[in-house]
Amino acid sequence: MGDMPGIVITGASGRMGQMLIRTVLASDKARLVGCVERSGNPWVGRDVGEAMGGAALGVVVTDDPLEAFAKAQAVIDFTTPAATVAFAALAAQARAVHVIGTTGLEPEHLAKINAAARHAVIVRAGNMSLGVNLLVTLTKKVAQALDADWDIEVIEAHHNRKVDAPSGTALMLGQAAAEGRGVDLDAVRDAGRDGITGARTRGDIGFSAIRGGDIVGEHDVLFAGEGERIILRHVATDRSIFARGALRAALWGQDKGPGAYDMMHVLGL
Ligand SMILES: NC(=O)c1ccc[n+]([C@@H]2O[C@H](COP(=O)([O-])OP(=O)(O)OC[C@H]3O[C@@H](n4cnc5c(N)ncnc54)[C@H](O)[C@@H]3O)[C@@H](O)[C@H]2O)c1
Ligand SMILES: O=C(O)C1=N[C@H](C(=O)O)CCC1
């Protein structure tokens, strides 16, 4: 038991935090050694099992990440961009594998995370599910096979509390389409159409975001040609797919050298 990697979950009271805690507790390959929340969160100072409405687990939620990370072999982090950047430096200091699911990361966040990856194992993906990572490889293949006569659109739908758009998954899919087509995504990205936009520019990759209710996550990659369309689709019905992928990444990272990895490395795709 003591030999199993100890895992810390950040953002413990969040939608993904709670799912990750349940996933680690159900695993026979890892143990929960810490939970972190932001200062002022009502879970701080409480036993996490009781905070989740069950029996005490002997793990008290803390707002001191370094104290928690010092006991961990891996930190699984689905929080916010600012928190994730701070955690990357602290996890590297603690020599813990840092698994990052947080989305909405801007280039300045990524630069700091990549700097931390010079000293630590960091696995980051906008979507940790097996299905979406397979869809990424399919998207690249289809985009490689088709020319710019086929318009590419990424359409995503998520719950009404999601704060970033396009989703991390949509950006992964857009990036794969751009790579398949041999173009730079930043040069062809068309997100947030509104008003008299003019006709669609040939070769652009478009993004549309739907927000509503409790949608877990749905993504279509549409290839629209003259007289025919191809639609590649992934539908997530349960957040456990992301949590299982994240735990798999935390275990995979245990014997790896410092570097920035993604789920393609973990899944061998
Ligand atoms: N990569 C994936 O597979 C995947 C899957 C689902 C969600 N996500 C992403 O994960 C992130 C979280 O999603 P969610 O739905 O769980 O959100 P959420 O708002 O329910 O949870 C985020 C939690 O982080 C906590 N937090 C914020 N700042 C903190 C800090 N400094 N220290 C400790 N905790 C802090 C918040 O208090 C909250 O409990 C989002 O960016 C989302 O897009 C990624
Ligand atoms: O619920 C979310 O938030 C999700 N975020 C990820 C994204 O931005 O793609 C993965 C799906 C769920």
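Order of listing sets the numbers, starting from 1, for every ligand and every atom in it.
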Worksheet, complete the sentence: Ranked by distance from atom 11 (C) of ligand 1, the top protein heavy atom is Thr79 O, 3.5 Å
Worksheet item: Between the side chain of Arg31 and the main-chain N/O of Met4, is any donor-acceptor distance below 3.5 Å?
Response: yes
Discussion item. Below 3.5 Å, N or O to N or O, backbone or side chain included: is there any such pair between Arg239 and ligand 2?
Written reply: no
Worksheet item: What atoms in ligand 1 come closer than 4.0 Å to a heavy atom of Gly101?
Response: 1 (N), 2 (C), 4 (C), 8 (N), 9 (C), 10 (O), 44 (C)
Discussion item. Between Asn114 and Leu110 (side chain of the first, backbone of the second, donor and acceptor by atom type, cut-off under 3.5 Å), is there such a pair?
Written reply: yes
Worksheet item: So is Thr102 close enough to ligand 1, meaning a heavy atom under 4.0 angstrom away?
Response: yes
Discussion item. Would you say Arg193 and Thr197 are linked by a side-chain donor-acceptor pair, where the criterion is simply a distance under 3.5 Å?
Written reply: no
Worksheet item: Polar-atom distance check: Phe242 versus ligand 1, any N or O pair below 3.5 Å?
Response: no
Practice prompt. Enumerate the atoms of ligand 2 whose separation from the nearest heavy atom of His158 is less than 4.0 angstrom.
Written response: 4 (C), 11 (C), 12 (C)
Item to complete: Could you establish whether Gly126 and ligand 1 come within less than 4.0 Å of each other, counting only heavy atoms on the residue side?
Response: yes
Worksheet item: Going by the atom numbers of ligand 2, which of them fall below 4.0 Å from some non-hydrogen atom of Ser167?
Response: 7 (C), 8 (O), 9 (O)
Worksheet item: Distance-only, no hydrogens or angles: does the Arg200 side chain make a donor-acceptor pair with backbone N or O of Asp204 under 3.5 Å?
Response: yes
Worksheet item: For atom 28 (N) of ligand 1, which candidate among Arg38, Arg161, Met172, His158 holds the nearest heavy atom?
Response: Arg38
Item to complete: Before signing off on this row, confirm whether His219 and ligand 2 have an N or O atom pair separated by under 3.5 Å.
Response: no
Practice prompt. With heavy atoms of Val216 as the reference, note each atom of ligand 2 found under 4.0 Å away.
Written response: 12 (C)
Practice prompt. Flag His159 as yes when one of its N or O atoms lies below 3.5 Å from any N or O atom of ligand 1, and as no otherwise.
Written response: no
Worksheet item: By number and element, which atoms of ligand 1 are closer than 4.0 Å to a non-hydrogen atom of Met16?
Response: 6 (C), 7 (C), 16 (O)
Practice prompt. Write out the residue and atom name of the closest protein heavy atom to atom 5 (N) of ligand 2, then the distance separating them to 0.1 Å.
Written response: Lys162 NZ, 3.2 Å
Item to complete: Would you check whether Ala125 has a nitrogen or oxygen atom less than 3.5 angstrom from a nitrogen or oxygen atom of ligand 1?
Response: yes
Worksheet item: Does the side chain of Arg181 reach to within under 4.5 Å of the side chain of Trp150, using non-hydrogen atoms?
Response: yes
Discussion item. With a cutoff of 4.0 Å, is Met19 in contact with ligand 1, counting heavy atoms of the residue only?
Written reply: no
Practice prompt. Provide the number and element of each atom of ligand 2 under 4.0 Å from a heavy atom of Gly168.
Written response: 7 (C), 8 (O), 9 (O)
Worksheet item: For ligand 1, is there an N or O atom under 3.5 Å from any N or O atom of Gly14?
Response: yes
Worksheet item: Should you measure from each heavy atom of Thr103, which atoms of ligand 2 turn up under 4.0 Å away?
Response: 7 (C), 8 (O)
Item to complete: Could you tell me whether the side chain of Ser27 and the main chain of Thr23 form a donor-acceptor pair under 3.5 Å?
Response: no
Discussion item. Has Asp186 got a side-chain atom pairing as donor or acceptor with Arg189's backbone, closer than 3.5 angstrom?
Written reply: no
Discussion item. Which residue and atom name correspond to the protein heavy atom nearest atom 18 (P) of ligand 1, and how close is it?
Written reply: Arg15 NH2, 3.7 Å
Discussion item. Do the side chains of Arg38 and Asp63 get close enough for a salt bridge, i.e. N-O under 4.0 angstrom?
Written reply: no
Discussion item. If the contact criterion is a heavy-atom separation under 4.0 Å, does Gly168 count as touching ligand 1?
Written reply: no
Item to complete: Begin with the C-alpha distance, continue with both residues' side-chain angles, and end with the deciding distance and a verdict on ring pair (Phe, Tyr, Trp, His ring centres under 6.0 Å) for Phe69 and Phe87.
Response: CA-CA 9 Å; Phe69 293 4; Phe87 293 154; 5.6 Å; yes
Worksheet item: N/O of Ala83 under 3.5 Å from N/O of ligand 1, yes or no?
Response: no
Fill in: Exercise: do Thr62 and Asp64 side chains pair donor with acceptor under 3.5 Å
no
Response to the item:
the protein heavy atom lying closest to atom 37 (O) of ligand 1 turns out to be Glu37 OE1, 2.8 Å
Practice prompt. Report the part of His159 (side chain from C-beta onward, or backbone N, CA, C, O) that has a heavy atom under 4.0 Å from ligand 2; answer both or neither where that applies.
Written response: side chain
Discussion item. With heavy-atom distances below 4.5 Å as the criterion, would you say the side chains of Arg202 and Asp149 are in contact?
Written reply: yes
Discussion item. Tell me if a side-chain donor or acceptor on Asp47 pairs with a main-chain N or O of Leu57 at a distance below 3.5 Å.
Written reply: yes
Worksheet item: Do any N/O atoms on Thr103 end up under 3.5 angstrom from N/O atoms on ligand 1?
Response: yes
Fill in: His119 vs Pro258 side-chain heavy atoms within contact, under 4.5 Å
no
Discussion item. Closer than 4.0 Å to some heavy atom of Gly126 - which atoms of ligand 2 meet that?
Written reply: 6 (C), 7 (C), 9 (O), 10 (C)
Fill in: side-chain contact (heavy atoms from CB on, under 4.5 Å), paired with Pro5, selected from Val97, Leu251, Val24
Leu251
Discussion item. Check this for me - ligand 1, Ser13, N or O atoms closer than 3.5 angstrom, yes or no?
Written reply: yes
Worksheet item: Should we say atom NZ of Lys162 is surrounded by more than 12 heavy atoms from elsewhere, each under 6.0 Å from it?
Response: yes
Practice prompt. Examine the side chains of Thr79 and Thr10 and answer whether a donor and an acceptor come within less than 3.5 Å of each other.
Written response: no
Discussion item. Can you name the atoms of ligand 2, numbered from 1 with element, that are less than 4.0 Å from a heavy atom of Thr169?
Written reply: 7 (C), 9 (O), 10 (C)
Discussion item. At less than 4.0 angstrom from any non-hydrogen atom of Lys162, what atoms of ligand 1 do you find?
Written reply: 43 (O)
